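First comes the structure, then the notes that go with it.
Being a predicted model, the structure only gives us computed values, none of them experimental. Side chains are part of it too, since the values below use all heavy atoms of this structure and drop only hydrogens, waters and symmetry mates.
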Amino acid sequence: MTSILEPAAQASAVPYASHDVTNQPPPLAPYDASEDTALLEGLRREGAGWAEDGIRRLGLRAGSAEAQEWGELANRHEPELRTHDRYGHRVDEVDFHPSWHELMRVAVAEGLAGAPWADERPGAHVARTAGGLVWGHTEAGHGCPTSMTYAAVPALRRQPELAKVYEPLLTSREYDPGLRVPAEKRGLLAGMGMTEKQGGSDVRTNTTAAAPTAEPGVYTLRGHKWFTSAPMCDVFLVLAQAPGGLSCFLVPRILPDGTRNTFRIQRLKDKLGNRSNASSEPEFDGTVAWLVGPEGQGVKTIIEMVNCTRLDCVMASATLMRKTLVEAGHHVRHRSAFGARLIDQPLMRNVLADLALESEAATTLTLRLAGAADRAVRGDEGERAFRRIATAVGKYWVTKRGPAFTAEALECLGGNGYVEESGMPRHYREAPLLSIWEGSGNVNALDVLRALGREQGAADALFGELALARGADARLDAAVTRLKGMPATGSQAGARRLVELMALTLQASLLVRHAPPAVADAFCATRLGGDWGYAFGTLPDGADLAGIVGRGLPGGV
């Protein structure tokens with residue numbers, strides 16, 4: 001007689017795994033973060049081809065499983081503020097996870113902080129930017145102190161006696177964490193303190209007071225800064241109101257006699273993204289500071305620092321675009337739906353091609369700006385004028401494109417991309433920062449108007465660059481004509497439209513001159529010719545999707 005248990009017993013004899021994992025991509029790491037045709041071509045074109053071997057080596061390290069894990073851990077284990085030691089002494093220190101220090105150690109050693117200022121080779125600043133474009137594949141937060149250290153050097157040179165002491169240490173390739181007398185360390189990091197809660201971007205409303213002491217050039221500060229990143233840096237450039245007006249000061253955390261300068265960290269900011277990096281509210285109360293540049297010229301002194309950090313915002317946005325494009329491409333290459341790999345589905349390929357266009361345009365512009373910065377440092381006045389206006393244009397536009405881009409790349413992974421383990425939410429949270437840091441979109445758009453109205457040669461430099469592509473594409477020529485017809489110093493309300501067209505014509509001119517026809521044609525047709533929708537993935541039917549994706553993704557289609 002057959003038992004009612006026999007069917008179940010028979011079923012249990014059939015091998016069955018309840019949790020087989022299929023149709024999921026393998027881990028991306030290890031991969032080569034420097035496998036980026038537009039980046040390597042731009043590196044050579046902008047005069048730093050000599051750095052290619054180093055960039056390729058750094059790209060392999062950035063894409064290694066170890067370095068990718070450093071980035072994840074540095075954000076999972078956020079910095080912690082210690083205001084006092086166990087005995088009650090005020091210490092105002094921030095503790096970081098060891099992975100943060102590993103990221104910083106590599107970044108400084110690879111010349112991503114102040115090192116280019118000590119490198120006389122043409123293209124040194126381009127090489128640094130290219131290094132940031134690949135090492136940034138690890139994580140974005142530690143790029144803040146390296147960026148500010150890089151940017152502090154030209155501002156500090158306004159006070160040669162201070163530069164003589166500090167510049168060799170700011171340009172060092174040794175990462176030497178911990179608060180000690182700056183002159184006794186192997187290398188220094190620099191921060192910046194401009195923003196105050198009553199002023200924000202309007203730094204002239206600064207209320208921090210600077211009182212001169214009996215020692216020439218030495219002041220004491222009293223005030224509260226609303227947003228000062230990387231409080232464990234060794235020195236800071238700070239704006240404060242001196243008797244002669246708003247001025248720039250150097251504030252060390254440790255004074256030459258070994259005592260701690262008054263730098264009371266009231267709290268760390270609880271931020272949307274950039275969580276590996278400590279951003280703080282420090283309070284000054286009798287804080288010792290050294291004047292940098294003349295009294296009353298604080299903005300003029302520190303503006304060179306801002307120009308440098310704005311370029312790094314463009315670089316970081318371009319890096320996020322590239323990183324998330326690589327993640328999306330890896331996913332769709334290995335995942336199938338409706339009988340085919342996602343990458344072979346025409347609509348998904350359109351999305352990837354559109355993202356690849358945006359990424360290449362951002363990377364190409366970033367390296368062009370870095371080339372201008374490098375040549376400006378070496379005395380090229382034409383490049384200095386171009387850098388002045390084009391950096392503000394690029395800062396406005398590329399950083400604006402970042403959030404929409406990362407959202408679309410995240411969506412390529414579907415629900416997997418919405419899960420923290422994918423890393424995509426971290427990139428998405430990071431993207432808006434770069435449009436806010438160093439002047440929000442409105443501030444940069446208005447800065448472009450200011451440059452056009454006050455900076456002799458700014459408009460000529462921009463149109464001179466655009467003229468290099470004249471006749472190569474009718475849509476670009478028509479856009480340049482429209483741009484010339486717009487009021488150069490128009491109303492504030494129209495500033496964004498003006499700067500947007502500047503950015504698109506500039507990117508298009510670079511792609512027309514340097515990218516393959518498939519890339520340049522698709523960019524001009526969509527961004528300038530109007531043959532485009534309102535979201536990524538709306539390239540026209542005639543676009544060479546396979547050619548664009550094949551160039552834009554590591555390993556091709």
Q) Any side-chain heavy-atom pair from Arg180 and Ile254 closer than 4.5 angstrom? A) no
Q: Begin from the C-alpha positions of Arg387 and Asp380 and carry the test salt bridge (charged side-chain N to carboxylate O under 4.0 Å, His left out) through to its verdict.
A: CA-CA 10 Å; Arg387 175 203 183 196; Asp380 189 321; over 6 Å; no
Q: Go through Asp270 and Arg275 one step at a time and tell me if the side chain to side chain contact (heavy atoms under 4.5 Å, CB included) criterion holds.
A: CA-CA 8 Å; Asp270 187 8; Arg275 300 187 73 89; 2.7 Å; yes
Q: May I ask you to say whether Glu93 pairs ionically with Arg260, meaning some side-chain N is under 4.0 Å from a carboxylate O?
A: yes
Q) Just how far is it from atom CG of Asp202 to atom CD of Glu196, taken to the nearest 0.5 Å? A) 11.0 Å
Q. Between Glu383 and Ala372, which heavy-atom pair has the shortest distance, and what is it?
A. OE2-CA, 3.4 Å
Q. Hey, are Arg450 and Asp447 close enough for a salt bridge, meaning a charged N less than 4.0 Å from a carboxylate O?
A. yes
(Q) Using side chain to side chain donor-acceptor pair (under 3.5 Å), reason through Ser279 and Ser229 one step at a time and then give a plain yes or no. (A) CA-CA 4 Å; Ser279 299; Ser229 284; 2.9 Å; yes
Q) Step by step, would you call Glu78 with Lys271 a salt bridge (charged side-chain N to carboxylate O under 4.0 Å, His left out)? A) CA-CA 11 Å; Glu78 298 179 19; Lys271 298 173 292 184; over 6 Å; no
N/O donor-acceptor pairs under 3.5 Å from side chains in residues 430-441, not counting sequence neighbours:
unit_1 : atom_1 : unit_2 : atom_2 : d
Glu430 : OE1    : Asn274 : N      : 2.8
Glu430 : OE2    : Asn274 : ND2    : 2.9
Glu438 : OE2    : Thr309 : OG1    : 3.2

Q | ring pair (Phe, Tyr, Trp, His ring centres under 6.0 Å) involving His125 - partner list, sequence neighbours excluded | A | Trp117, Tyr150
Q.
I'd like to know whether OH of Tyr428 has more than 12 heavy-atom contacts from other residues, nucleotides or ligands below 6.0 angstrom.
A. no
Q. How would you list, by chain and number, every residue that makes a ring pair (Phe, Tyr, Trp, His ring centres under 6.0 Å) with Tyr31, sequence neighbours excluded?
A. His137
Q.
Evaluate Ile55 against Glu52 for side chain to side chain contact (heavy atoms under 4.5 Å, CB included), listing each step before the verdict.
A. CA-CA 5 Å; Ile55 295 298; Glu52 184 170 339; 5.6 Å; no
Q: Inspect the contact between Glu455 and Arg384 and indicate whether a charged nitrogen and a carboxylate oxygen are less than 4.0 angstrom apart.
A: no
Q: Tell me, yes or no, whether the heavy-atom count around Gln198 atom CD, taken from other residues, nucleotides or ligands under 6.0 Å, exceeds 12.
A: yes
Q. Is the number of heavy atoms from other residues, nucleotides or ligands within 6.0 Å of CD (Gln266) greater than 12?
A. yes
Q) So do Thr146 and Met104 actually touch side chain to side chain, heavy atoms under 4.5 Å? A) yes
Side-chain donor-acceptor contacts of residues 233-250 below 3.5 Å, not counting sequence neighbours, with atom names and distances?
unit_1 : atom_1 : unit_2 : atom_2 : d
Asp234 : OD1    : Lys185 : NZ     : 2.6
Asp234 : OD2    : Leu189 : N      : 2.9
Gln241 : OE1    : Leu246 : N      : 3.3
Gln241 : NE2    : Arg204 : O      : 3.4
Gln241 : NE2    : Asn206 : O      : 3.0
Ser247 : OG     : Gly245 : O      : 2.9
Ser247 : OG     : Gly296 : N      : 2.9

Q) Any salt bridge between Glu46 and Arg375, counting N to O under 4.0 Å? A) yes
Q | Under the ring pair (Phe, Tyr, Trp, His ring centres under 6.0 Å) test, residues paired with His84 that sit two or more places apart | A | none
Q: Give a yes or no on whether a salt bridge exists between Arg426 and Glu420, defined as a side-chain N under 4.0 angstrom from a carboxylate O.
A: no
(Q) Walk me through whether Leu188 and Thr149 qualify under side chain to side chain contact (heavy atoms under 4.5 Å, CB included). (A) CA-CA 8 Å; Leu188 300 179; Thr149 302; over 6 Å; no
Q. Hey, are the side chains of Leu506 and Arg368 touching, using non-hydrogen atoms and a 4.5 Å cut-off?
A. no
Q | Student check: side-chain heavy atoms of Val288 and Val218 closer than 4.5 Å | A | yes
Q.
Please evaluate residues Lys225 and Phe284 with respect to the criterion side chain to side chain contact (heavy atoms under 4.5 Å, CB included), reporting the C-alpha separation (whole Å), side-chain torsions for both, the decisive distance (0.1 Å), and the verdict.
A. CA-CA 8 Å; Lys225 295 297 180 182; Phe284 305 142; 3.9 Å; yes
Q. How far apart are the closest heavy atoms of Arg310 and Thr391, and which atoms are they?
A. CB-CG2, 4.0 Å
Q: Decide yes or no for Ser317 and Phe405: does some side-chain heavy atom of the first lie under 4.5 Å from some side-chain heavy atom of the second?
A: no
Q.
By the definition salt bridge (Lys or Arg N to Asp or Glu O under 4.0 Å), identify the one residue from Lys400, Arg322, Arg401 that meets it with Glu358.
A. Arg401
**Q.** Value rounded to 0.5 Å, distance of CE in Met321 from CG in Leu133
**A.** 11.5 Å
Q) Can you tell me how far the CG atom of Leu103 sits from the OG atom of Ser276, to the nearest 0.5 Å? A) 7.5 Å
Q) Which word best sums up how the rings of His224 and Trp226 line up, parallel for under 30°, tilted for 30 to 60°, or perpendicular for over 60°? A) tilted
Q.
Nearest 0.5 Å, please: how far is NZ in Lys395 from CG in Leu311?
A. 11.5 Å
Q: Determine whether Asn277 and Trp100 make a side-chain contact, defined as any pair of heavy atoms from C-beta on separated by less than 4.5 Å.
A: yes
Q | Distance-only side-chain donor-acceptor flag, Thr287 / Thr262, under 3.5 Å | A | no
Q. Which residues pass the ring pair (Phe, Tyr, Trp, His ring centres under 6.0 Å) test with His514, sequence neighbours left out?
A. none
**Q.** Between CG on residue Leu179 and CZ on residue Arg253, distance to nearest 0.5 Å
**A.** 5.0 Å
Q | Gap separating the CZ atom of Arg186 from the CG atom of Asp176, nearest 0.5 angstrom | A | 4.0 Å
Q) CD of Glu161: more than 12 outside heavy atoms within 6.0 angstrom? A) yes
Q) Charged N to carboxylate O under 4.0 angstrom, Asp374 versus Arg378? A) yes
Q. Do the charged groups of Glu304 and Arg158 touch, with an N to O distance under 4.0 Å?
A. no
